[in-house]
2 protein chains.
Amino acid sequence: MPSDAPSATRVRTNVTSDIREAIMRGDFVPGQRLIEADLTEQFAASRGAVRSALLELAADGLVERVANRGARVRVVPLDEAIEIYEVRMAVEALCAAKAAERIGDAEAEELRSIGSDMRAAVADGDTMRYRQLNQRLHQRIREISGQRTASNVLERLRAQSVRQQFKVATMPGRPQVSLPEHLAIIEAICAGDAEGADRAIRVHLSSVMDAMRKASEN
Amino acid sequence: MPSDAPSATRVRTNVTSDIREAIMRGDFVPGQRLIEADLTEQFAASRGAVRSALLELAADGLVERVANRGARVRVVPLDEAIEIYEVRMAVEALCAAKAAERIGDAEAEELRSIGSDMRAAVADGDTMRYRQLNQRLHQRIREISGQRTASNVLERLRAQSVRQQFKVATMPGRPQVSLPEHLAIIEAICAGDAEGADRAIRVHLSSVMDAMRKASEN
DNA sequence: CCCGCCAATATTGTCAACAATTCCGCCACC
DNA sequence: GGTGGCGGAATTGTTGACAATATTGGCGGG
């Protein structure tokens with residue numbers, strides 16, 4: 001799936017992706033109404049296309065639709081965010097374990113390289129870069145695991161909790177906490193230690209969940 | 001979900017559910033083309049409604065859509081079915097563990113009652129009834145677990161693999177194998193043994209996966 | 001001063017016709 | 001005899017107008 005085809009048939013921009021990205025980027029805040037007419041204008045698409053997009057995004061759990069009352073960006077309360085993370089923990093642990101079983105030398109080097117970059121980003125206090133590396137690490141682990149279904153599920157769940165994830169990632173001192181957890185995950189996977197990778201992922205996501213709870217106490 | 005509401009507001013029957021059920025029931029076989037005009041006639045709905053339905057079902061992973069070439073019932077190859085079951089294992093294990101932690105006396109009695117019914121159904125050789133009870137057991141465990149997100153994910157995955165599940169369930173001698181596994185799950189959950197419930201679920205789903213592999217060797 | 005009704009408005013849902021695309025059989029041509 | 005183009009049919013995609021439904025603000029009664 002080429003997310004950025006160089007010159008190919010991406011002439012006709014996909015409205016669904018546009019709206020999805022707008023939501024995940026935060027252009028639309030949770031709870032905000034998404035009125036078809038407005039979106040039609042904003043994205044220069046037909047109403048039918050907008051309708052289809054909203055339908056698809058509703059299936060993805062990103063927007064809520066109630067009959068005859070339209071769509072709005074779904075607001076994920078804390079307890080539901082926790083549930084999402086509990087599922088993520090189970091599925092990411094599966095992916096990490098599988099990745100540990102299947103990893104090759106080149107891929108191991110790549111993961112370690114991401115680890116080094118993360119260390120550097122934390123040392124420089126570059127939170128944004130760390131966030132990107134974090135996402136890339138998790139994505140790469142999923143890819144190495146070869147579990148397409150698990151990847152789909154995780155991608156879906158991540159989209160739903162991207163806001164909470166952002167809140168946590170930008171907490172002061174948070175990178176210092178999560179960096180060693182990430183490095184532990186990388187080491188376990190590269191060592192082919194499925195059991196250890198499973199544990200390391202769970203430790204990491206537990207830590208994220210704790211931080212999430214703390215963040216919401218404000 | 002009342003499939004046959006007696007008098008309620010089910011005047012306007014939902015096309016999406018109808019098609020979904022038709023697929024899961026096997027009225028449409030995997031790979032079969034789903035032509036909008038035909039569905040329009042068959043379900044007495046407008047083409048727009050059918051289109052929306054196909055869009056939604058595609059998001060659910062039940063049908064495949066390619067641009068300008070229409071929709072067809074998605075065919076799930078064995079290796080993908082296995083992946084689906086690996087994810088199910090992870091998530092159902094989570095649900096079982098949570099259910100074990102939260103179960104009350106009334107619910108425990110209900111689960112045990114399902115267990116007895118299953119025993120009876122196997123003794124009578126009533127495979128269909130056993131299948132129903134099986135589904136109800138898993139569903140009830142999800143409900144008791146209180147994990148909405150996990151339930152959604154599982155419901156989705158179950159819809160995709162319902163065909164394989166059927167193949168396995170109707171294998172001769174299969175109920176005799178899975179009955180004790182189910183009873184073990186029930187006992188662990190009722191005993192409040194989260195760890196044991198997790199293990200029991202994994203044992204059971206591993207067994208299903210093995211059976212699935214054998215079934216596809218034909 | 002507050003509350004429930006009613007019309008006006010905003011918004012979504014549905015429909016039918018039209019445009020664009022792909023598929024399939026046929027025929028000329030090599 | 002095989003191959004490549006060329007219509008015609010089938011099917012999906014899009015558009016615009018219309019119908020159905022919910023929301024809002026005002027108005028009169030209590």
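All values derive from a computational prediction rather than experimental measurement. Reminder, nothing fancy here: chain letters follow the sequence lines and each chain counts from 1.
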Does the side-chain hydrogen bond (donor to acceptor under 3.5 Å, both in side chains) test come out yes or no for B:Ser206 and B:Tyr85, once each step is laid out? CA-CA 8 Å; B:Ser206 292; B:Tyr85 263 82; over 6 Å; no
Please give, in whole Å, the distance from D:dT11 P to B:Leu54 CG? 14 Å
Would you check if there is a donor-acceptor pair between the side chains of A:Gln139 and A:Gln135 at a distance under 3.5 Å? no
Identify whether any heavy atom of A:Leu34 sits under 4.0 Å from a base atom; if not, whether one sits that close to sugar-phosphate; answer base, sugar-phosphate or nothing. sugar-phosphate
Does C:dC15 have OP1 or OP2 under 4.0 Å away from a side-chain N or O of B:Ser46? yes
In terms of side-chain geometry, is the basic nitrogen of A:Arg136 or A:Asp117 positioned less than 4.0 Å from the acidic oxygen of its partner? no
B:Arg65 side chain N/O closer than 4.0 Å to the phosphate oxygens (OP1, OP2) of D:dG13? yes
Does any pair with a residue in residues 140-163 of chain A pass ring-ring contact (aromatic ring centres under 6.0 Å, His included), and if so which ones, sequence neighbours excluded? none
Under 3.5 Å side-chain donor-acceptor pair for A:Arg174 and A:Ser207: yes
Give B:Gly48 one of three labels, base, sugar-phosphate or nothing, depending on what nucleic acid heavy atoms sit under 4.0 Å from its own. nothing
Checking contacts here: which listed nucleotide (D:dT12, C:dT11, D:dT15) is nearest the side-chain heavy atoms of B:Arg51? D:dT12
So is A:Arg163 actually on top of A:Phe166's ring, under 6.0 Å and inside 45° of the axis? no
Assign each of A:Ala67 and A:Ala45 to its nearest nucleotide of DNA chain D by heavy atoms, then name whichever residue's nucleotide is nearer the 5' end. A:Ala45
Side-chain donor or acceptor of B:Arg69 under 3.5 Å from a matching atom on the base of D:dG13? no
Dot-bracket for DNA chain C, 5' to 3', counting Watson-Crick or G-U wobble pairs under 3.5 Å, with [ ] for crossing pairs and | for inter-strand pairs? ||||||||||||||||||||||||||||||
